[in-house]
Colleague: 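Take a look at the following structure, please.
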Amino acid sequence: MKKRTPSQRMTEDEFINSATSHTLQVPAPATEAKPQGRKRTYKALSVSLTDSHVEAIDAMIVLAARNGIVRVTRSDIIKLAIDGLTEKSENHLLELLKKS
């Protein structure tokens, strides 16, 4: 880089008036790839299950995969089970809880 020495000093007004204005192209904002839908919030929980429960959940995931449903998780299986329990009557649910 060359070291430039000014041949003559500019006054403050000359410096300000010699400036140029360049308009910069501002890129258009990127559109969101995700479709607008309802917002889902999740809470991470830790649960203890016996080996037989984990094996049963995993067997359901394998069954789903064999039938072309490949994005099933353990959380999905547990949510389905909870949804199934909420459809039971209160008395039936209490009977099931007594057995556990």
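The structure presented is a predicted model; accordingly, all values stated were derived computationally and were not measured.
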Colleague: Heavy atoms only: give me the nearest Ala64-Val72 pair and the separation to one decimal.
Modeller: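 Looking at all heavy atoms of both residues, the shortest contact is CB-CG2, 3.8 Å.
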Colleague: Does Ile77 belong to the same Ile/Leu/Val/Met/Phe/Trp/Tyr cluster as Val62, with side-chain heavy atoms less than 4.5 Å apart forming each link?
Modeller: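 No, no single cluster joins them.
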Colleague: Please list, one pair per line, the donor and acceptor atoms closer than 3.5 Å that link side chains of residues 86-100 to other protein atoms, with sequence neighbours excluded.
Modeller:
from: Thr86; atom 1: OG1; to: Asp83; atom 2: O; distance (Å): 2.7
from: Ser89; atom 1: OG; to: His92; atom 2: N; distance (Å): 3.1
from: Ser100; atom 1: OG; to: Leu97; atom 2: O; distance (Å): 2.9

Colleague: Charged N to carboxylate O below 4.0 Å: is that the case for Arg71 and Asp76?
Modeller: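 Asp76 and Arg71: not salt-bridged.
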Colleague: With clusters defined by side-chain heavy atoms of hydrophobic residues (ILVMFWY) lying less than 4.5 Å apart, directly or transitively, does Ile82 cluster with Met60?
Modeller: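 Same hydrophobic cluster.
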Colleague: Between Val54 and Arg74, what is the shortest heavy-atom contact and its length?
Modeller: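 Looking at all heavy atoms of both residues, the closest pair is CG1-NH2, 3.7 Å.
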Colleague: Report yes if the side chains of His53 and Thr50 come closer than 4.5 Å at any heavy-atom pair, otherwise no.
Modeller: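 SC-SC contact between His53 and Thr50 confirmed.
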Colleague: Report yes if some heavy atom in the side chain of Ile57 is under 4.5 Å from a heavy atom in the side chain of Leu49; otherwise report no.
Modeller: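 Yes, side chains in contact.
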